[in-house]
Trainee: 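Sending over a structure as structure tokens; questions will come in a sec.
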Amino acid sequence: MRVPIVAANWKMHKTVSEAEAYLKRLVELVGEKPPVELVVFPSFTAIPMAGRLLSGTPIAWGAQNAHPEHQGAFTGEVSVAQVADLGARFLICGHSERRHLFGESDAFVGAKVRAALGHGLVPILCVGETLDERRAGRAWAVVERQLAAALAGVALADGRNLVIAYEPVWAIGTGVPARPEDAQAMAGRIRAWLQQAFGKVAEGIRIQYGGSVKPGNAREFLALPDIDGALVGGASLDPDEFWAIARAA
Ligand code: 13P
């Protein structure tokens with residue numbers, strides 16, 4: 001039985017005080033035993049506060065990004081080790097904004113995934129095709145390449161240690177989500193690929209859908225057989241909207 005996982009990727013939003021007000025409200029809404037796993041991804045600046053405020057609550061938190069090297073001359077970067085040191089449990093790896101706006105390669109994303117696992121963090125590995133790639137009939141080829149590159153040489157003892165987020169690039173921040181049948185078709189192929197790669201352990205790997213998830217459409221995605229949660233951007237910036245999405249699971 002996979003416990004659904006619903007995550008809030010705030011991207012580059014919220015000051016520390018805005019983040020604090022949000023998290024206080026979310027803690028109030030969520031109560032002690034939510035039926036789903038909830039994760040928030042604040043900016044680095046708000047992470048220490050989030051760690052303090054969320055400790056002892058059922059809400060987990062993580063970092064939106066980190067550098068795979070342990071330490072070194074990488075001005076402006078924050079390492080996976082530094083994020084783990086703060087008590088983060090999750091790390092987003094390979095988000096399309098990192099791939100497309102910051103030029104992250106498949107190999108670099110793979111290094112991050114391995115660094116995250118090495119530090120006991122759960123990577124949320126994002127995969128997804130652009131609109132041109134989908135139109136050219138290459139959606140699966142792109143996603144398969146991203147999976148293979150990021151997970152090469154990865155050994156998993158427990159499927160709960162890895163989450164895959166299928167986020168078609170054209171659905172991110174556009175208000176135009178994938179059709180549920182297309183999201184399910186892709187998630188099913190991802191699941192089959194994971195089974196080939198990891199065997200029985202793959203049954204425990206959660207697959208999220210991301211891209212214009214809102215309270216009004218969350219249920220359609222979360223009800224799909226191979227989708228075990230959502231990675232939410234814009235609609236996660238308001239705690240009430242985010243909780244409405246989580247409850248749909
Ligand atoms: P939106 O929910 O704003 O489309 O963003 C999705 C996303 O990129 C989550 O990581």
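The structure presented is a predicted model; accordingly, all values stated were derived computationally and were not measured. Indexing begins at 1, ligand by ligand and atom by atom, following the structure's order. Side-chain atoms are counted along with the backbone in the values below, which use heavy atoms only and exclude waters and symmetry mates.
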Trainee: So is G211 close enough to ligand 1, meaning a heavy atom under 4.0 angstrom away?
Mentor: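 It does, in that a heavy atom of G211 comes within the 4.0 Å cut-off of ligand 1.
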Trainee: Is R25 positioned over the aromatic face of Y22, cation under 6.0 angstrom from the ring centre and no more than 45 degrees off axis?
Mentor: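 Geometry flag: not set, cation outside 6.0 Å or 45°.
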Trainee: When you measure from atom 2 (O) of ligand 1 to every protein heavy atom, which one gives the shortest distance, and what is it?
Mentor: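 Of every protein heavy atom, G233 N, 2.9 Å lies nearest to atom 2 (O) of ligand 1.
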Trainee: First locate atom CD of Q146, then atom SG of C93, and finally report the distance between them rounded to the nearest 0.5 Å.
Mentor: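 Between atom CD of Q146 and atom SG of C93 there are 13.0 Å.
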Trainee: Under 3.5 Å between some N or O of ligand 1 and some N or O of N9?
Mentor: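 Min N/O separation from ligand 1 is below 3.5 Å for N9.
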Trainee: Compute the minimum heavy-atom distance from A171 to ligand 1 and say whether it is under 4.0 Å.
Mentor: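 A171: in contact with ligand 1 (<4.0 Å).
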Trainee: When the ring planes of H67 and F108 are compared, do they come out parallel, tilted or perpendicular, using 30° and 60° as the limits?
Mentor: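 Correct class here is perpendicular.
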Trainee: Which heavy-atom pair separates Q64 from S43 by the least distance, and what is that distance?
Mentor: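 Of all heavy-atom pairs spanning Q64 and S43, the closest is NE2-N, 3.7 Å.
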Trainee: Got the closest protein heavy atom to atom 3 (O) of ligand 1, with its distance?
Mentor: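 Sorting protein heavy atoms by distance from atom 3 (O) of ligand 1 puts G234 N, 2.8 Å first.
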Trainee: May I ask whether S212 has any heavy atom positioned less than 4.0 angstrom from an atom of ligand 1?
Mentor: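 It does, in that a heavy atom of S212 comes within the 4.0 Å cut-off of ligand 1.
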Trainee: Measure the distances from the heavy atoms of K214 to every atom of ligand 1 and state whether one is below 4.0 angstrom.
Mentor: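 So K214 does not count as touching ligand 1.
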Trainee: What is the nearest protein non-hydrogen atom to atom 7 (C) of ligand 1, stated with its residue, atom name and distance?
Mentor: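 In this structure, atom 7 (C) of ligand 1 has E167 OE2, 3.1 Å as its nearest protein heavy atom.
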Trainee: Run the numbers on E69 and E77 for side-chain contact (heavy atoms from CB on, under 4.5 Å), then give the verdict.
Mentor: CA-CA 10 Å; E69 290 292 332; E77 290 296 297; over 6 Å; no
Trainee: Evaluate G210 for polar contact with ligand 1, using N/O atom pairs at a separation under 3.5 Å.
Mentor: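 Min N/O separation from ligand 1 is not below 3.5 Å for G210.
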Trainee: Please tell me whether E129 and W140 have a donor and an acceptor in their side chains that are separated by less than 3.5 angstrom.
Mentor: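 Side chains of E129 and W140: no pair found under 3.5 Å.
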Trainee: Identify the residue among R2, R206, Q208 that makes a side-chain hydrogen bond (donor to acceptor under 3.5 Å, both in side chains) with D228.
Mentor: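 Between D228 and the candidates, side-chain hydrogen bond (donor to acceptor under 3.5 Å, both in side chains) is satisfied uniquely by R2.
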Trainee: What atoms in ligand 1 come closer than 4.0 Å to a heavy atom of G173?
Mentor: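 In order of number, 1 (P), 3 (O), 4 (O).
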Trainee: Could you tell me the residue and atom name of the protein heavy atom closest to atom 5 (O) of ligand 1, and the distance to it rounded to 0.1 Å?
Mentor: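 The protein heavy atom lying closest is K11 NZ, 3.3 Å.
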Trainee: Do the ring planes of F90 and F41 sit parallel (below 30°), tilted (30 to 60°) or perpendicular (above 60°)?
Mentor: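 Geometry flag for F41 against F90: perpendicular rings.
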